[in-house]
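One structure is given here, and the rest of the page talks about it.
Only this structure's heavy atoms are used, side chains among them; waters, hydrogens and symmetry mates stay out. Residue numbers begin at 1 in each chain, while the letters A, B, ... track the order of the sequences.
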Amino acid sequence: MKGNRIRQFSRVCFALALFLVLYIAISYAQDISTYGKFTIARLIYDGGGDWYSDPSSLPNLLKFIKENAPIDAYPEEIRVSIMDNDFFSYPYLYMTGHGNIKFGDEEVLRLRRYLQSGGFLHADDNYGMDKSFRREIKRVFPNNELIELPFNHPIFHIFYDFPKGLPKIHEHDGKLAQGFGIFYKGRLIVFYTYECDLGDGWEDPKVHGDPEEIRQAALKMGTNIILYSLMK
Amino acid sequence: MTNIEQLHKYSDFISLKFSNLRRGFGWYVLIKGIFRALSLIISIAFLIVLAEGFLYLNMNIRNPILIFFSVFGLIFLITPFLLSIMVIRNRITSFSDFRLAEMIGKKYENVKDSLLNVLQLRDMVVNGEKGFSSALVVRSMENIAKKIETHSFKTIIPRHEVKKGFHLFLGNVILVCLLFAVSPNFFSSSANRLLHPGTDFPIPEPFSITSESGTFGILGGDSTGVVFHCNGHFPKHIKLFMIYKDYVQEENLSVDSCGKSEFSLGSVRKDVVYEGFVENNSLFIPWKRISSGLDTIRVTNRPEILSVKSLLHFPEYTGLDDQVQESNITEFYVLPGTEIQMDVFSNKALSAGNLEFEKAGVIPIVVEKFYVHGKFQVTHDDQFKIVIEDKNGVSNLNPVIYRIRISLDAYPMIILLSPTEDIDLNESMEISLGIRVRDDYGFSKAVIKYELIKKYGEEEQAENEIPFPLYDNKLTLQELYYIWDVSELGLSPEDVVEFKVEIYDNDIVNGPKKTSSKKLRARFPSLNDLFAGINEQQDEISETGDEILEQLEATKEVLEQVSLELLKDSSIKWEQKAQLEQEIKKTREAGEKLSEISDHLEDLIQRAKENQLFNKETFEKYMQLQEAFQDIMTPELREAMERLQKAIENMDPKEIQAALKKFRSSQEEFSKELDRMLKLFQRIKIEQSIDELVKRFDDLAKRQEHLNNELDKTSSDDYGKMSELSKEEESIHRDTEIAQDLMERTENEMTEFPLMPNAELIKIIEEMKDMGLLKDLKQSQRSLKKGNKSKAQKPSQQSQENLSELFDMMRNFRDEFNKRNMDEVMADFQRIIKKTLQLSQSQEVMSKVVKDVPRQSEHLMDIAVDQQRIYQNLGHIVKDVIALSNKTFGVTPRIGKGFGKASSKMKNAIGQMENRNPHKASQEGKKAMEALNSTAIALMSEMQNLQKSGSSSGFENYLKQLQKMAGQQEGINDDTQMLGMGSPGQQMVLQRIAARQRQVRKSLEQLQEEIRESTNQTGDLGGIAKDMDEVIKDLRNNKILRRTIERQQRILTRLLDAQKSLRTQSFKKERKSKTGEDIVRTSPGELPKDLGERRSLLQENLEKAMRDDYSREYEEIIRHYFEALSKEEVE
């Protein structure tokens, strides 16, 4: 009798212990699920602009990359500010918005260091951030020019071919889609897409109701940008 | 006689014959040998004498030669004798019986071999050999004996050989005699020497060499020379041979006519053994070497410096580590103030030492046996040498010259990053300064130097300065930012602050050096300037808007005309096509211009915001207007244009007509909307003008008050100050005139809007004129100019009162105006809502009634007429709504759509009634009623929003809430930071702060929900909420970490920014996106070679060049070069 009770008690303890171990293991597995995978860090900035716009864009882009490109991408975006401790952990930075951008003085220096140390920034004008972006990026790199990339630049051909340069996704001011770059020691560190609105193109189909070919063009161009940044 | 006896007889006979012959040969050998020996002896003797004559052999050689010669001479002489005896005694085989028999046989024909044979037979018999007859042998011997009996055989002796020998001997004798006769002295002296081998005969030398310098001593390193003197028949050259310790040296010296020859030795450091000599290699000259003999130059060593170690100790402020310089480096490039310590090691024990400077004099150094050390401080260029002395007082020779070159601490460098040009100050009264500074060793301070340039006063002579904080004085390259608050400087409008930033390095030796940035000016714009800019922009907007309207009108007419033409003739002509395309293009251009207007408005709003020129309501209205201008160009219009464009391309008449109809309709709407926007703009402009007037009069009143205060303080004698006040009064007068003009202009503009209270404004203008304000101001100005204080005070005081009154009046007018506007709008809303509800009620009744009416009933038509009336009434309401939409933004598209739907359903109901379909008519009527009801609810909602905010806009409420939260957050942040310094009862306080933070978090959540409901956006509030959660967590756990403080700061910043985002993009009505069209174009040009990095590379290269150890002059040249390159790039 007594023996039975002891055996039962032991079984219960064993089950609890097993459960605990499994729980810890699963939690740990979730924590390390991002380990070794590519992620896009969306930049949170001050100034009033909507850094959070096009919420479905980056997850869709990451999914597209995972399915079509030789990159193991984590399906969710990371959100990061320049002053965050782990800011330098993300090699690929994305920023967009419709409004004002303002970097603090320390943020200017930190962002500069980030980009000069190997980071990459894709700035995508969602329509309205052009003026403030140009102003702020000039503070980050006062001695470097934003120069328009020609159609034969590798960023337009590295995985998918875009012989005519940036695809025009959405209409802003009736201007041509342009891709501008800032180079540092020969390396493209900032890519600014203007009058193009790739972010809109990456959104869920029902958001803007664009033709599928337009969406695909945007996703493919997004893939090109990411691959280029990782490979160059 | 027996045979044997006969044999012996004959044998003896033959033997005797042979003996005789042998005797003859013996004499032959003897004589010949003697002659030959004598020849040999004479030849050898001659050769020896000859050799002695030339060689002057040593007595040690002569002796053995003589002995040798004598011995061999004897041997040569004795040998023939011995040979002769041996021949005679038949001891030589060559002269044996058989050999002789052979010789005889060869000589004598009749003998031949027979004698030889007989001898052989004889020997055989004698030896007892058998096999032959002895009688025969005897008979043979008998025969031969008979033959040789008569012969003497001496003819076979070669006597000619003897003659030959004699001749040879004679020849030698004659030759020797002849040679002897050629130089009898030579040979006789030579022979004499040979005959006296024990005597030493010195070789006669033709000349002698004497060393005049001889053996002597010098000091190490000294130069010296050796001298030789030649006597006799000396040659033209002699050789000098020098033997050093580890090498030898030979020199050729020439001998002058006096026989003197000398040679200089430079810098002799070791003992030298030397000799002057001449060598003879000729065989014919007996002397081989004539020498001066060996002499020695003895060197006494000087003390020498074997190694030098220099330790450079740089001035403290440079932060440079001490540097050791090796002895092979003789140049010091150092900063002034550097201390140099010299440690010297010598080869000898020393007694004294000095550092001998060219300019600085002599510094004694400390001696420690083989070591000396000393130190000195460098202040200027110089050179020195280290002089050491040994115990004998001998100093080192040619000490090395050490050069000191001063390397000056360079001037610091400063670049002003922001601002880059003159600026206008805004309401914040802050100048955001950014500088980039560089120095080789660091900085001591940075200051902002500024001068106030008063508009109406004398420029301040004294330059003021305030510190510019440096991050770390030791960092040699820094980029720094500082917000300079100039509000304390007491600036008046139109005053200017001229400023520059100066940076000082940390050179404490020669004093800190400074470099200044370029000078810039920050101007405090007057209200006039600010409003002038705003008004100019507004005028531009109005003008552009009117132009666009005109253009649209023209387009409308063209479209109408084309439309009519197409009705007559459906086939489209080329001209019509061109016209339509032209009008489409113009409409597109109009859209672009409207975008520009929107941009101008944005700039205007920004400027006004920075300088707080508008009140909140006006801001709100302008922002809504700006958004509205952006969206005027509706998607429907764009679609219509494209459809028409496509139809024109397809040249399909039906399509063209349909598209044209649609385009005209959209264009009409566009035009109406623009007109509405412009009217709203006019209204807002008027509101802004009134606002401006309030501000202006407020400003004028304050300025006048300030002037009066200054006047009271100023003495009448202070003409300078009076003049200044006079100018200011003049400015106030001018601005008052401008304000009056603005009032009149505004009144004029108000006449376009009948309901605006322009009469009240006229009244104010009249009152202003009655006050005589301008006159008083003028009088005051004149009196002040004349320096008449008492005369100026009264009108000045009066002016101030009047201006204050005017300010009050304008403020009241504005408040009344805004209230009236609001009341008007509210009344309109209420009226429209009431009518809508009434109409809805009527429609409801109608729908119920028609439902029960039979299909064929005549009553149906009556109901249709009633429905038509309701429809018409709806049209009236819509007109009222349109009129209301010209006054406020509160009329949203939702309302318009609601009425549109109601209208459409009513029409359908009428149609159904005409088709005798009461059931469907009832359904349509019901739908129309529902549309009216929802529209009424929308109207009520908008009205409530407007009422809540207290303005004609809707966002104010949200902004107020955010503002309140920002204030609360600020309080939380301050309390948390104070706690961080450690205060008692911390845990309790932290929990209270956490609770407050939770409260703010809750408020934020509620606001998020409200905003989401109204606009479907949440803005940045989600991110703020997340940060708040983290802070609450930290506070709950009683933690105040650095990240907690940072998060709180971030929350506050984002709350403040969220207010901005509410005003701007976050609350825009849902952005309509339009798929872009890919336009074929050519690629932009190739990337430039420098990839846009030219300036960056220039900057980097400049900094790199500055880090290299160039002299100051070179650094300046390099800096100028790079600056020129940069300028070239800019140009």
Side-chain angles (χ1 to χ4, degrees), chain A residues 44 46-53 79 81 83 85 97-100 102 105-106 108-109 126-128 131 139 141-153 164-165 167-174 176-178 181-186 188 195-197 200 207-211 214, chain B residues 417-418 432 434 436 479-482 588 591-592 595 599 602 630 638 1017-1020 1022-1023 1026 1043 1046 1050 1053-1054 1056-1066 1068 1071 1073-1088 1090-1100 1126:
Chain A
I44 301 171
D46 294 328
D50 51 342
W51 55 267
Y52 43 81
S53 58
R79 292 176 174 195
S81 300
M83 298 310 295
N85 288 338
H98 297 91
N100 191 40
K102 184 83 182 118
D105 296 336
E106 218 179 313
V108 165
L109 296 173
N126 208 352
Y127 192 24
K131 197 169 153 183
R139 288 176 64 211
F141 290 105
N143 291 323
N144 294 62
E145 306 297 327
L146 262 173
I147 48 176
E148 191 178 356
L149 304 188
F151 293 170
N152 62 0
H153 191 275
K164 296 179 202 168
K168 181 86 171 166
I169 306 303
H170 276 170
E171 200 57 68
H172 289 174
D173 291 323
L176 300 163
Q178 291 173 295
I182 290 179
F183 289 83
Y184 175 71
K185 294 193 173 158
L188 182 68
E195 278 283 331
C196 172
D197 218 336
D200 273 4
V207 173
H208 299 291
D210 292 319
I214 294 286
Chain B
L417 299 174
S418 73
S432 181
R436 194 173 200 189
E479 196 171 292
L480 304 159
Y481 294 91
Y482 176 65
R588 276 213 180 98
E592 279 168 21
S595 252
D599 289 340
E602 200 178 341
Q630 271 187 338
R638 287 184 209 271
Q1017 293 276 359
T1018 57
D1020 181 29
K1026 191 179 160 196
R1043 67 157 191 251
E1046 282 171 4
R1050 209 157 53 223
T1053 310
R1054 285 189 181 162
L1056 294 170
D1057 278 343
Q1059 293 175 55
K1060 283 188 220 164
S1061 82
L1062 274 184
R1063 293 180 199 277
T1064 57
Q1065 306 301 330
S1066 309
K1068 289 169 81 72
R1071 187 171 289 281
S1073 54
K1074 181 182 176 276
T1075 306
E1077 261 181 54
D1078 245 333
I1079 302 166
V1080 175
R1081 64 160 181 145
T1082 53
S1083 169
E1086 289 300 315
L1087 290 171
D1090 58 28
L1091 297 175
E1093 290 190 79
R1094 182 184 156 91
R1095 287 171 66 82
S1096 171
L1097 290 169
L1098 280 174
Q1099 187 64 32
E1100 261 184 48
S1126 294

Assert top hit (heavy-atom pairs under 4.5 Å, partner chain B, pool A:Met83, A:Lys102, A:Lys185) equals A:Lys185
If one checks every heavy atom of A:Phe141 against chain B at 4.5 Å, the contacting part turns out to be neither
Turns out that what part of A:Leu109 lies under 4.5 Å from chain B's heavy atoms comes down to side chain
Nearest heavy-atom contact between B:Gly1092 and A:Ile147 is N-CD1, 3.9 Å
The side chain to side chain contact (heavy atoms under 4.5 Å, CB included) partners of A:Pro150 (sequence neighbours excluded) come to A:Asn152, A:His153, B:Ser1083, B:Glu1086, B:Leu1087
Residue from B:Glu479, B:Glu592, B:Arg588 scoring the most non-hydrogen pairs under 4.5 Å with chain A is B:Glu479
Scanning both residues in full, the closest heavy-atom pair of A:Phe183 with B:Leu1091 reads CB-O, 3.5 Å
